[in-house]
Amino acid sequence: MAQDRKQIPLLDEFVLRLVNANVRTEGAIAGFLGLPSDMVTDTIADHFHKDLLTYGPSDSPAVPRRLKLTARGEQQERELSSITPVRVNEPLVFDQLLWRVSSFDRRMIIPRRQAQEQNMLLLPAAQRRLVEMSDLTAAAINAQLREGGLTDREVLQIKQIKQITESRAPRVLPAKLLVYADADRTDIQLGVVIDGELSPDHELALLSHGGAKALGIQVEAPAERPSLDPDLERARIPLAEVTKKRAEEAADQLAAVAPKEPAEELPRDEIRAFSVFEHSDLLEEALAQARRRILLIAPWIKRAIVNTSFLSKLETRLRRDVSVHIAYGYTPNDPKNDRDAVRKLENLASRYKEKFTFTRVKSTHAKVLVYDDVWITTSFNWLSFEGDRDRTYRMEEGTLVRGRETVDENYQHYLELIAQESE
């Protein structure tokens with residue numbers, strides 16, 4: 001049961017309605033409402049000021065003056081009387097982790113099946129039961145409606161709950177889970193980001209459910225970084241130096257500090273380390289911006305990565321005459337590969353035979369990405385990094401080399417390797 005929110009305080013409304021109902025003295029109104037007379041007197045004085053009330057003619061000086069609605073007051077009283085409770089259906093989002101109604105944008109919510117297909121980690125519910133009437137209050141719903149921008153309706157009473165059950169396409173809200181670990185990887189903490197904002201409430205709720213250990217999240221030492229040619233290794237800028245420089249640049253931007261000297265142009269050639277966090281961005285950059293070539297080698301392929309978006313962006317590169325080579329394979333009949341994702345890449349390669357070669361190799365430990373004049377070698381699994389169900393995270397580190405001559409040499413080397421190792 002809800003009604004449109006009225007724009008005047010409740011006492012102001014009842015004074016007008018009581019006068020209209022022939023309760024027309026200050027004492028009678030105060031007695032009817034059970035309120036101190038000075039509160040009623042102040043409200044009546046305010047209505048006189050707004051030209052809503054006046055005094056009617058008195059029959060005798062001994063009889064108290066009787067209040068009367070002005071023409072404006074009569075109109076105000078009719079409008080207030082017309083606003084009455086009605087039964088409405090109000091769609092709500094109920095957060096089962098916090099076990100309370102939420103103001104999340106319903107457009108952000110996706111079917112649970114879609115989340116499972118993308119191998120998302122489903123966070124636990126606070127309780128394993130359906131929502132009951134006692135779990136909701138009108139005040140909580142009104143607070144969430146106001147937070148969502150709906151300020152012209154007020155819920156008075158909850159009459160019935162109709163909810164989506166497990167058998168009727170339940171839906172979930174995608175969020176980002178941040179994993180923090182100390183140097184020894186013994187203390188693992190979690191952060192929850194929803195719509196770009198950290199949520200301390202969800203972080204505490206996960207902690208009460210056992211935190212990272214209960215979710216099966218582990219942090220282990222990174223795999224060994226692939227070695228480079230000695231000359232390249234000596235020229236490689238280490239990760240600590242790259243991180244420090246970026247932190248200084250970010251701090252300057254936040255402080256709006258202009259550089260003391262004119263900014264130098266970035267070197268055309270560079271050899272630097274990059275962290276685990278940059279891998280997905282670099283893959284996205286290759287799919288969105290490559291103009292001449294893309295070469296990608298990875299042991300496994302998962303549909304969490306090779307999804308509709310990935311395939312669409314890859315096909316866009318092919319239509320723009322970009323040469324694409326993808327090679328994969330670790331062991332024969334490897335069960336870690338998603339057959340559906342492999343089949344979709346095979347179909348795409350069959351439509352662009354002149355531009356796209358998709359090859360299964362006998363065995364590869366290489367994790368390589370080449371696009372245009374950029375060569376990346378790493379221990380990161382390019383096409384399966386979101387598909388590992390063991391939820392073990394490693395601080396993978398890679399090397400980015402930018403420069404045509406060096407990249408051309410390695411590009412040719414990998415093409416020869418793919419030809420030699422193809423099944």
Sidechain-backbone polar pair: [X] side chain, [Y] backbone, donor-acceptor under 3.5 Å:
X	Y	value
Thr406	Gly403	no
Glu270	Arg402	no
Ser312	Ser309	no
Asp229	Asp231	yes
Arg317	Ala290	yes
Arg171	Ile109	yes

Is the closest side-chain heavy-atom distance between [X] and [Y] below 4.5 Å?
X	Y	value
Asn20	Glu74	no
Asn381	Pro299	yes
Ile305	Ser280	no
Leu16	Leu18	no
Leu177	Ile217	yes
Leu369	Leu295	no
Ser384	Asn337	no
Glu77	Leu69	yes

Specify the closest pair of heavy atoms between [X] and [Y], including all atoms of both residues, with the distance to one decimal.
X	Y	result
His209	Leu97	CE1-CD1, 4.1 Å
Leu282	Ile376	CD1-CD1, 3.7 Å
Pro226	Ser379	CD-N, 3.9 Å
Ala212	Ile188	CB-CG2, 3.6 Å
Ile194	Ala175	CG1-CB, 3.9 Å
Pro238	Ala273	C-CB, 3.9 Å

Within 45° of the axis and under 6.0 Å from the centre of the six-membered ring of Trp300, does NZ or CZ of Lys336 qualify?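 Verdict for Trp300: a cation-pi partner in Lys336.
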
Under 6.0 Å from the six-membered ring centre of Tyr411 and within 45° of its axis: does the NZ or CZ of Arg293 meet both?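 Yes, Arg293 sits over the ring of Tyr411.
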
Whether Phe356 and Phe358 hold their rings parallel, tilted or perpendicular, with breakpoints at 30° and 60°: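 Tilted: the ring planes of Phe356 and Phe358 meet at 30° to 60°.
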
Quick one: pull up [atom1] in [X] and [atom2] in [Y] and give me the separation to the nearest 0.5 Å.
X	Y	atom1	atom2	value
Ile301	Asp338	CD1	CG	9.5 Å
Trp382	Ile326	CH2	CD1	12.5 Å
Arg236	Leu239	CZ	CG	7.5 Å
Glu154	Ile141	CD	CD1	12.0 Å
Asn410	Leu417	CG	CG	11.5 Å
Lys176	Asp195	NZ	CG	10.5 Å

Applying the side-chain hydrogen bond (donor to acceptor under 3.5 Å, both in side chains) criterion to Thr378, which one of Lys367, Glu278, His279 satisfies it?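 Only one of Lys367, Glu278, His279 forms a side-chain hydrogen bond (donor to acceptor under 3.5 Å, both in side chains) with Thr378, namely His279.
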
Hey, which of Leu345, Leu383, Leu296, Val342 is the one that makes side chain to side chain contact (heavy atoms under 4.5 Å, CB included) with Tyr328?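 The option that passes is Val342.
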
Partners meeting side-chain contact (heavy atoms from CB on, under 4.5 Å) with Ala235 (sequence neighbours left out):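 Ala235 satisfies side-chain contact (heavy atoms from CB on, under 4.5 Å) with Ile271 once adjacent residues are dropped.
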
Please table the atom pairs, donor to acceptor, closer than 3.5 Å between any side-chain atom in residues 198-205 and protein atoms at least two apart or in another chain.
residue: Ser199; atom: OG; partner: His202; partner atom: N; Å: 3.4
residue: Ser199; atom: OG; partner: His202; partner atom: ND1; Å: 2.5
residue: Asp201; atom: OD2; partner: Arg100; partner atom: NH2; Å: 2.9
residue: His202; atom: NE2; partner: Asp95; partner atom: OD2; Å: 2.5

Sequence neighbours left out, what passes salt bridge (charged side-chain N to carboxylate O under 4.0 Å, His left out) with Arg320? Give chain and number order.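 None.
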
When you check the gap from the basic side-chain N to the acidic O, do [X] and [Y] get nearer than 4.0 Å?
X	Y	result
Arg272	Glu241	no
Arg351	Glu346	no
Lys162	Glu90	no
Lys355	Glu315	no
Glu421	Lys362	no
Arg404	Asp373	yes
Arg129	Asp135	yes

Side chain to side chain contact (heavy atoms under 4.5 Å, CB included) assessment of Leu53 paired with Thr70: CA-CA 5 Å; Leu53 285 178; Thr70 64; 5.6 Å; no

Please say whether more than 12 non-hydrogen atoms of neighbouring residues, nucleotides or ligands are located less than 6.0 Å from CZ in Phe94.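 Yes.
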
Would you say that more than 12 heavy atoms from the other residues, nucleotides or ligands in this model lie under 6.0 Å from the CD of Glu405, or not?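 At most 12 heavy atoms, drawn from other residues, nucleotides or ligands, come within 6.0 Å of this atom.
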
Side chain to side chain contact (heavy atoms under 4.5 Å, CB included) for His47 and Asp12? Distances and angles first, verdict last. CA-CA 8 Å; His47 285 339; Asp12 292 42; 3.6 Å; yes

Cut-off 3.5 Å, no hydrogens considered: what does the side-chain donor-acceptor table look like for residues 38-45, sequence neighbours left out?
residue: Thr41; atom: OG1; partner: Glu26; partner atom: OE1; Å: 3.3
residue: Thr41; atom: OG1; partner: Ser37; partner atom: O; Å: 2.9
residue: Thr43; atom: OG1; partner: Met39; partner atom: O; Å: 3.1

Using the test ring pair (Phe, Tyr, Trp, His ring centres under 6.0 Å), find all partners of Phe32 that sit at least two apart in sequence or belong to another chain.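 Ring pair (Phe, Tyr, Trp, His ring centres under 6.0 Å) check on Phe32 returns nothing, list empty.
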
Can you run down the ring pair (Phe, Tyr, Trp, His ring centres under 6.0 Å) pairs that involve residues 103-144, sequence neighbours left out, and say none if there aren't any?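 Non-adjacent pairs meeting ring pair (Phe, Tyr, Trp, His ring centres under 6.0 Å): zero.
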
Report the C-alpha distance between Gln289 and Tyr371 in whole Å, list the side-chain angles of each, state the deciding distance to 0.1 Å, and finish with yes or no for side chain to side chain donor-acceptor pair (under 3.5 Å). CA-CA 9 Å; Gln289 299 181 19; Tyr371 61 100; over 6 Å; no

